**Q** 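Let me begin by handing over the structure; questions about it come next.
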Number of protein chains: 2
Amino acid sequence: MDNKEQDILRAAERMVREGGYNAFSFRDIANEVGIRSASVHYHFPTKEDLGAAVAAYYTDKFLGALGEPEELVIAGKDPIKAYVKAFRDALAKDKRMCLCGLLGAEINGLPPKVVGETRVFFERNLDWLTRAYTLQKGEKGAKDKAVQTLALLEGAMIVSNALGNNENFDAAVQIIS
Amino acid sequence: MDNKEQDILRAAERMVREGGYNAFSFRDIANEVGIRSASVHYHFPTKEDLGAAVAAYYTDKFLGALGEPEELVIAGKDPIKAYVKAFRDALAKDKRMCLCGLLGAEINGLPPKVVGETRVFFERNLDWLTRAYTLQKGEKGAKDKAVQTLALLEGAMIVSNALGNNENFDAAVQIIS
DNA sequence: GTCTATAATTTGATAGAC
DNA sequence: GTCTATCAAATTATAGAC
């Protein structure tokens, strides 16, 4: 991936996480990156393309930094603990919602390609968690536990984001096991 | 409240719940209600005013339909069960996110008055749940349980909304007690 | 209360030079 | 790859007639 394209994706990620898909423009991005809006269109022809690319970029970055649950277990680490920490870091360091949590909330008003990539985030995360819970306590109920954990984390982010305090996040996620 | 104002609020609620605060315009509202956009401005001078009014309208409608937890207990009903059902109805009947859940996710990009009314939703709902849990099992830990339940419900809505299926909602909220 | 008309700005997108 | 220039449409908002 091009350096400029990464700059654009980073700027777009920041802006979408601030106010959603409709809260950024090609000019906003261009100003932040230091080029003109026509040049942004060269890299991502339409806004829909850029939106879909940002969602995919975020999903890869998030799960990539985490590693596979099987690897974590081999390294003697608790995958669920690592997963919760990844969400908490996203909230504490960036002071922002999960990008795909926000897009998931807005999904009924998004263009098709963005919808598709947003769904991929949820599917891949549910798969990751299901594998983690299967490793931990066997296959029985792993899928349900995965949904519960993902829902609780996304919801804890919303409540903390809305009220502007991270204590609510910690209070909410302490029931995850 | 005026009939026309209620029509406007209802239209705005539907549109915000579809794609967020930036996904509706005064013309969209006007078309749906059957007047001109200038007339919408007569009722709600700015978009910020309308956004804040919609959030307050939604909060009142949601908690009003539910009733107070103390009343529910007297009537022999389980307040927490009733609360979960209210969320499920919002998802199943309207096929849409919680309005304030969506605004809470977007909050860092919203104008001040909308931010204020969105926070009121979360504060009033946490207060409602805290009272319900206090009635149920005493004051100890009631606040934490309230945060956990609200977070799980908002997150379950996001996951179900994003993947377009209500089974995930049911799988997630079954751990609420 | 609702209308017409319109101002001022922003937006997504394209053509074509360099 | 990036630029200038530009377009058509949409957006929030206001003035003033009825």
Side-chain angles (χ1 to χ4, degrees), chain A residues 1-55 57 102-103 106 108-118, chain B residues 1-55 57 102-103 106 108-118:
Chain A
M1 176 162 48
D2 209 299
N3 264 351
K4 262 299 152 50
E5 286 184 8
Q6 204 163 33
D7 288 351
I8 292 168
L9 289 172
R10 264 197 276 258
E13 181 199 329
R14 198 188 61 70
M15 290 177 195
V16 174
R17 288 178 74 185
E18 199 159 313
Y21 178 77
N22 293 299
F24 80 92
S25 76
F26 273 61
R27 274 178 182 73
D28 293 334
I29 303 277
N31 287 340
E32 191 158 311
V33 173
I35 54 177
R36 299 298 206 157
S37 74
S39 307
V40 181
H41 280 283
Y42 169 80
H43 294 284
F44 303 95
T46 69
K47 188 172 181 181
E48 177 171 5
D49 291 325
L50 177 51
V54 174
Y57 164 75
L102 214 170
L103 293 179
E106 291 179 332
N108 299 107
L110 297 179
K113 286 182 191 172
V114 187
V115 171
E117 287 301 337
T118 302
Chain B
M1 178 164 46
D2 209 298
N3 265 351
K4 261 302 152 48
E5 286 183 8
Q6 203 162 33
D7 288 351
I8 292 168
L9 289 172
R10 265 197 278 257
E13 180 199 331
R14 198 188 60 71
M15 291 177 195
V16 173
R17 288 177 74 184
E18 200 159 313
Y21 177 77
N22 294 300
F24 80 92
S25 75
F26 273 60
R27 271 179 182 74
D28 293 334
I29 303 278
N31 286 340
E32 192 157 311
V33 173
I35 53 177
R36 300 298 208 157
S37 73
S39 307
V40 180
H41 280 283
Y42 168 81
H43 294 285
F44 302 95
T46 69
K47 187 171 181 181
E48 177 171 4
D49 291 325
L50 176 51
V54 174
Y57 165 75
L102 213 171
L103 293 179
E106 291 179 332
N108 299 108
L110 298 179
K113 286 183 191 172
V114 187
V115 171
E117 287 300 337
T118 302

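Values in this document were obtained by computation on a predicted structure and should not be read as measured data. In what follows, every chain begins at residue 1, and chains take the letters A, B, ... in the order their sequences are listed.
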**Q** Polar-atom pairs under 3.5 Å, protein N or O versus N or O of nucleotides 3-7 of chain C: list them with distances, or write none.
**A**
from	atom 1	to	atom 2	distance (Å)
C:dC3	OP2	B:Arg36	N	2.6
C:dC3	OP2	B:Ser39	OG	2.9
C:dT4	OP2	B:Arg36	NE	2.8
C:dT4	OP2	B:Arg36	NH2	3.4

**Q** Using atom OH of A:Tyr42 as one end and atom C1' of D:dT4 as the other, report the distance to the nearest whole Å.
**A**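 It works out to 18 Å between those atoms.
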**Q** Check the distance between D:dA13's C1' and B:Phe26's CZ and give it to me in whole angstrom.
**A**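 Roughly 9 Å, once rounded to whole Å.
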**Q** Which nucleotide wins on minimum distance to the side chain of B:Asp28, given the candidates C:dT2, D:dT11, C:dT14?
**A** D:dT11
**Q** Figure out the CD1/C1' separation between A:Ile29 and C:dA13, and round it to whole Å.
**A** 15 Å
**Q** With respect to the side chain of B:Lys47, which nucleotide from D:dT12, C:dG12, D:dG1 is positioned closest?
**A**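 Nearest nucleotide to the side chain: D:dT12.
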**Q** Enumerate the residues from residues 5-15 of chain B whose closest heavy atom to DNA chain C is under 4.0 Å, giving them by residue number; use none for an empty result.
**A**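 Residues of residues 5-15 of chain B that come under 4.0 Å of DNA chain C do not exist, since none gets that close.
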**Q** Are the side chains of A:Ile35 and A:Ile29 in touch, meaning some heavy atoms are under 4.5 Å apart?
**A** no
**Q** For A:Asp49, give me all partners under salt bridge (Lys or Arg N to Asp or Glu O under 4.0 Å), at least two apart in sequence or on another chain.
**A** A:Lys113
**Q** I'd like to know if the side chain of A:Asn31 and the backbone of A:Asp28 have a donor-acceptor N/O pair within less than 3.5 Å.
**A**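 Checked: no pair found.
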**Q** In whole angstrom, give the distance that lies between atom CG of A:Asn3 and atom C1' of D:dG1.
**A**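 Rounded to the whole Å, the gap is 14 Å.
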**Q** NA contact type, B:Asp2, heavy-atom cut-off 4.0 Å: base, sugar-phosphate, or nothing?
**A** sugar-phosphate
**Q** Within a 6.0 Å radius of atom CG on A:Asp2, are there more than 12 heavy atoms belonging to other residues, nucleotides or ligands?
**A** yes
**Q** Tell me: CG of A:Asn31 to P of C:dT10, nearest whole Å?
**A**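 Answer to the nearest Å: 11 Å.
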**Q** Take atom CG of A:Asn22 and atom C1' of D:dT11, then tell me their distance rounded to the nearest Å.
**A** 13 Å
**Q** Mark yes or no for whether A:Lys47, through its side chain, and A:Asn22, through its backbone, hold a donor-acceptor pair below 3.5 Å.
**A** no
**Q** Looking at B:Leu50 and B:Ala12, what are the two nearest heavy atoms and their distance?
**A** CD1-CB, 4.3 Å
**Q** To the side chain of A:His43, which of C:dG1, C:dT2, D:dT2 is closest?
**A**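 Among the listed nucleotides, the one closest to the side chain of A:His43 is D:dT2.
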**Q** Without decimals, in angstroms, what is the distance between B:Asp49 CG and D:dA13 C1'?
**A**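 One finds 12 Å between C1' of D:dA13 and CG of B:Asp49, rounded.
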**Q** Would you say the side chain of B:Tyr21 lies within less than 4.5 Å of the side chain of B:Val54, judging by non-hydrogen atoms?
**A** no
**Q** For the residue pair B:Ala30 and B:Ser37, what are the closest heavy atoms and their distance?
**A**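 Minimum heavy-atom separation between B:Ala30 and B:Ser37: CB-N, 3.5 Å.
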**Q** Just the rounded figure in Å: distance from P of D:dT11 to NE2 of B:His41.
**A**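 Whole-Å distance recorded here is 11 Å.
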**Q** Regarding A:Phe24, tell me which of base, sugar-phosphate or nothing describes its non-hydrogen contacts under 4.0 Å with the strands shown.
**A** sugar-phosphate
**Q** C:dT11, OP1 or OP2 - any side-chain N/O from A:Ser25 closer than 4.0 Å?
**A**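 Yes, because at least one side-chain N or O of A:Ser25 sits under 4.0 Å from OP1 or OP2 of C:dT11.
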**Q** With the side chain counted from C-beta on, respond yes when A:Arg10 and A:Asp7 share a heavy-atom pair under 4.5 Å apart, and no when they do not.
**A**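 With C-beta onward as the side chain, the pair touches.
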